[in-house]
Amino acid sequence: MSLRNRLASAGAAVVLAALVLASVVLYPALSVNLNERRDAELVSAADQAPGVVKGFKQKSALAEQNGEEPDQVVIPTKPVSVGSTTLQFVLPPVAQGPTDGFVDVSDVDVQVAEGAHPAYFHDADWGDRHYRIYTTQLADSRGGLVRTYVPTAVVHGTLRQLAVLLVGITAGGCLLAAVAGRLAAGRVLRPVRRLTETVEHVTTTQDLTVRLHAGGRDEIARLTRSFAAMMAALEESVGAQRRLVADASHELRTPLTSLTTNLELLGEGPGLADPQAPALLGEARAQAAELTSLVNDLVDLGRYGSVRTHTEDTRLDLLARRALDRAAARSPRLRFAAELTPCMVHADPDAVERAIGNLVDNAVKWSPEQGQITISTTADGTVSVCDQGPGIPAADLPFVFDRFYRSPAARSLPGSGLGLAIVRQIAETHGGGVAAEPLPQGVRLRLWLPPVSLAADQPDGPAAPQAG
């Protein structure tokens, strides 16, 4: 999970915990409050019972004065609704048993009517509903009873609505906190994202010229400025190293060229007094050539490790063909074969051609007389060079592309140990890689680069095997 999502989740968890805690406290408190208000309304309705009775009496008396037959007794025995509360009058003598339209009178109710028990609350079922009942003595009734009641579903329904509301608020608040936290985290972490993208870009391209600018005084701004300073220092260090290699190579090439020229002139002059002089001159020329090759390899290794300044879409199979043709012209004692599948890569063509040439030169160095060297390319951007030499010991395989690494068998042969290191440097600079694989006879060296689509109208290069 990304840091942005973790921060959003943490914010949502905090809000969720706060809302759950509030709900846990609020719901019971409101439940108690609603039940107390309901009981208070029952008591208030019971206190109003004498006024209700008086109203019924006045209505009956008025009907008698008008000569009318009253349509009900002075005090009704059936339940009477007063607002949201229902009242039931039980006239004396109150006896235990059924009543007209409501629950039975209990023994405790009889005691309340007689004044032997205080008024009380209780719950009871009537029909298919559950009621909250308040029972008290009816004032001025000489032993009468009044019961006030309401369905408990009124309070329970309100509590259910409250529970749904609290759940909705909790879920909505949690979701809103997660969204807001993610947006806020994205804004806060935007400099970190830019810093990460810059690091990944530098890692991929080796481009040390990228810079980040950050204002502010927070920790992220300080980190960005520190990273920019580190990149500047690293670029300066690498630049100084490359300038040193270039300057040193220039200074070395001049005396080497002069030394080689003097040796050649000395060898072309009149007879030398020492009979061993020709052999010594030949050995000196070979050493000068080897030293010149070493300097050139060092320069190329430093150059190909820098940021690519020129890249273009180029045919990998055509580069391989040119490298093979040059090697075939220099080594008539060997046989060469090509299995080239057209492939397009986006790379520095000079650098890639140099890498393929180094692979072929390595195969030439190790191939026996009349041995065959096969170079092949595939559509996925891979170049393979196979020889029929003695192969590479398994212990040396992981190190053949290291700088200055030479196996014990190669130390007696000319070379600097940098040719295959240059191949790896070029491949990695272009986002590819290298590998060495043993064969039953010889070894296969592979170089691969990221391919690009090959245009349909581009002519194919030669792919038929060629013998040299």
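On a predicted model such as this, the values are computed, not experimentally measured, just so you know.
Interatomic distance, CZ of Arg147 versus CD1 of Ile133, reported as 6.0 Å (0.5 Å rounding). A distance of 12.5 Å separates CG of Leu319 from CG of Leu324, quoted to the nearest 0.5 Å. Expressed to the nearest 0.5 Å, how far OG1 of Thr378 lies from CG of Leu340 amounts to 10.5 Å. Rounded to the nearest 0.5 angstrom, Ile356 CD1 and Thr377 OG1 are separated by 8.5 Å. Taking CZ from Arg424 and CG from Asp402, the interatomic distance works out to 5.0 Å, rounded to the nearest 0.5 Å. Summarising the geometry, atom OG1 belonging to Thr158 is positioned 10.5 Å from atom CG belonging to Leu30; distances are rounded to the nearest 0.5 Å.
Summarising the geometry of Ala436 relative to Val400, their closest heavy-atom pair is CB-CG2, 3.8 Å, with the distance given to 0.1 Å. Looking at every heavy atom in both residues, Ala45 comes nearest to Leu87 through O-CD2, 3.7 Å. Val385 and Ile375 get closest at one heavy-atom pair: CG2-CG1, 4.1 Å. Between Cys343 and Pro451, the shortest heavy-atom contact is SG-CB, 4.3 Å. For the pair Ala355 and Val423, the tightest heavy-atom approach, listed with the atom from each and the gap, is O-CG2, 3.4 Å. Nearest heavy atoms, Ala347 versus Thr314: O-CG2, 4.5 Å.
In this structure, the side chain of Asn33 does not engage the main chain of Ala29 through any donor-acceptor pair within 3.5 Å. Distance alone, capped at 3.5 Å, places no donor-acceptor pair between the Gln388 side chain and the Gln441 backbone. A donor-acceptor pair under 3.5 Å links the side-chain atoms of Thr148 to the main chain of Leu42, judged by distance alone. Side-chain N or O atoms of Arg335 include one that pairs as donor or acceptor with a backbone N or O of Gln370 at under 3.5 Å. No side-chain donor-acceptor contact under 3.5 Å links Ser367 to the backbone of Asp387. At distances below 3.5 Å, not a single donor-acceptor pair connects side-chain atoms of Ser237 with backbone N or O atoms of Ala233. Counting only distance, with no hydrogens or angles, the side chain of Thr198 and the backbone of Arg194 share a donor-acceptor pair below 3.5 Å.
In this structure, Glu312 places its CD atom where more than 12 heavy-atom neighbours from other residues, nucleotides or ligands lie under 6.0 Å away. Taking a 6.0 Å sphere around CZ of Arg333, one finds it holds more than 12 heavy atoms contributed by other residues, nucleotides or ligands. Within 6.0 Å of the CZ atom in Arg326, the count of heavy atoms belonging to other residues, nucleotides or ligands exceeds 12.
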Between Val150 and Glu41, does the side chain to side chain contact (heavy atoms under 4.5 Å, CB included) criterion hold? Intermediate values first, please. CA-CA 9 Å; Val150 292; Glu41 290 176 357; 5.7 Å; no

Please evaluate residues Ile373 and Trp366 with respect to the criterion side chain to side chain contact (heavy atoms under 4.5 Å, CB included), reporting the C-alpha separation (whole Å), side-chain torsions for both, the decisive distance (0.1 Å), and the verdict.
CA-CA 10 Å; Ile373 296 175; Trp366 290 100; over 6 Å; no

TODO: Determine, stepwise, if the pair Val43 / Tyr134 fulfils side chain to side chain contact (heavy atoms under 4.5 Å, CB included).
DONE: CA-CA 7 Å; Val43 173; Tyr134 175 67; 3.9 Å; yes

For this session: Apply side chain to side chain contact (heavy atoms under 4.5 Å, CB included) to the pair Gln425 and Thr429, showing each step before the final yes or no.
Result: CA-CA 6 Å; Gln425 185 74 66; Thr429 302; 3.7 Å; yes

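When side chains are defined from C-beta on, Val199 counts as touching Phe227, because their heavy atoms get closer than 4.5 Å. With a 4.5 Å cut-off on side-chain heavy atoms, Leu420 and Leu359 count as touching. Residues Thr341 and Asp317 fail the side-chain proximity criterion, which asks for heavy atoms closer than 4.5 Å. The shortest distance between side-chain heavy atoms of His346 and Pro450 does not fall below 4.5 Å. Looking at Val20 and Thr170, their side chains come closer than 4.5 Å, going by heavy atoms from C-beta outward. No side-chain heavy atom of Tyr149 sits less than 4.5 Å from a side-chain heavy atom of Trp126. Tyr131 has its side chain out of reach of Val103: every pair of non-hydrogen atoms, C-beta onward, lies at least 4.5 Å apart. The shortest distance between side-chain heavy atoms of Asp348 and Val352 does not fall below 4.5 Å.
Under 4.0 Å is where a charged nitrogen must lie from a carboxylate oxygen, and between Asp361 and Arg330 at least one such pair does.
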